Amino acid sequence: MAYVTTNPPKLLVPRMGTGTAMWAYTSTDVHTDVDATDYFTNGDALGLKVGDVMVVSKSTATIGTTIHYVQTVTAGGAATIAAAILA
């Protein structure tokens with residue numbers, strides 16, 4: 001599947017100062033699709049910043065939720081997330 005800008009991530013907790021923000025994203029895509037390079041084509045325009053946290057939920061038959069972080073935001077405006085390792 002592919003990201004569509006009509007279903008963007010939602011800002012849950014805005015950043016304070018230089019801190020991180022928390023986002024939520026729900027789609028039919030599995031988390032391994034969502035963390036593909038430059039998946040969020042308008043990430044910069046949305047306000048995604050490196051280090052922001054994103055809760056990703058799959059909305060179809062096999063529902064699952066994973067935690068990710070924003071890994072990169074390119075000069076062209078796309079953003080890439082990666083699965084977070086919780087210790």
Side-chain angles (χ1 to χ4, degrees):
M1 300 295 294
Y3 171 69
V4 291
T5 57
T6 56
N7 180 32
K10 311 292 188 279
L11 181 62
L12 297 177
V13 180
R15 72 183 47 75
M16 297 184 79
T18 59
T20 59
M22 179 176 262
W23 300 80
Y25 179 65
T26 302
S27 86
T28 58
D29 291 349
V30 295
H31 75 92
T32 52
D33 288 345
V34 174
D35 63 13
T37 301
D38 295 343
Y39 179 85
F40 294 101
T41 56
N42 61 344
D44 186 48
L46 292 170
L48 295 174
K49 303 284 186 203
V50 172
D52 283 357
V53 175
M54 189 175 298
V55 178
V56 176
S57 298
K58 187 171 183 312
S59 62
T60 56
T62 307
I63 296 176
T65 300
T66 51
I67 308 284
H68 299 257
Y69 67 95
V70 178
Q71 188 175 42
T72 61
V73 179
T74 67
T80 300
I81 64 171
I85 299 171
L86 305 175

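Numbering of residues begins at 1 and proceeds along the displayed sequence. Computed from a predicted structure; not experimentally measured.
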message: Whether the side chain of Ser59 engages the backbone of Ser27 through a donor-acceptor N/O pair (distance < 3.5 Å, no angle test) should be reported.
response: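 Yes.
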Sub-4.5 Å side-chain heavy-atom contact between [X] and [Y]:
| X | Y | result |
| --- | --- | --- |
| Tyr3 | Asn42 | yes |
| Phe40 | Thr80 | no |
| Trp23 | Asp52 | yes |
| Tyr69 | Val50 | no |
| Pro9 | Met54 | yes |
| Arg15 | Lys49 | yes |

message: Hydrophobic clustering (ILVMFWY, side-chain heavy atoms < 4.5 Å, transitive) - are Leu11 and Val73 grouped together?
response: yes
query: In terms of ring plane angle, is the pair His68 and His31 parallel, tilted or perpendicular, where the classes change at 30° and 60°?
result: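 The rings of His68 and His31 sit tilted, inter-plane angle from 30° to 60°.
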Closest heavy-atom pair and its distance - [X], [Y]:
| X | Y | result |
| --- | --- | --- |
| Tyr39 | Asp33 | CD1-O, 3.3 Å |
| Ala79 | Gly43 | CB-CA, 3.9 Å |
| Asp35 | Ala83 | OD2-N, 3.8 Å |
| Thr20 | Gly51 | CG2-O, 3.4 Å |
| Pro8 | Leu46 | CB-CD2, 3.8 Å |

- request: Return yes if a side-chain donor-acceptor contact under 3.5 Å exists between Thr65 and Ser57, otherwise no.
  value: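 Ser57 and Thr65 do have a side-chain donor-acceptor pair below 3.5 Å.
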task: Applying side-chain contact (heavy atoms from CB on, under 4.5 Å), run through Asn7 and Thr26 and close with a yes or a no.
output: CA-CA 8 Å; Asn7 180 32; Thr26 302; 5.7 Å; no
message: Walk me through whether Lys58 and Asp29 qualify under side-chain contact (heavy atoms from CB on, under 4.5 Å).
response: CA-CA 6 Å; Lys58 187 171 183 312; Asp29 291 349; over 6 Å; no
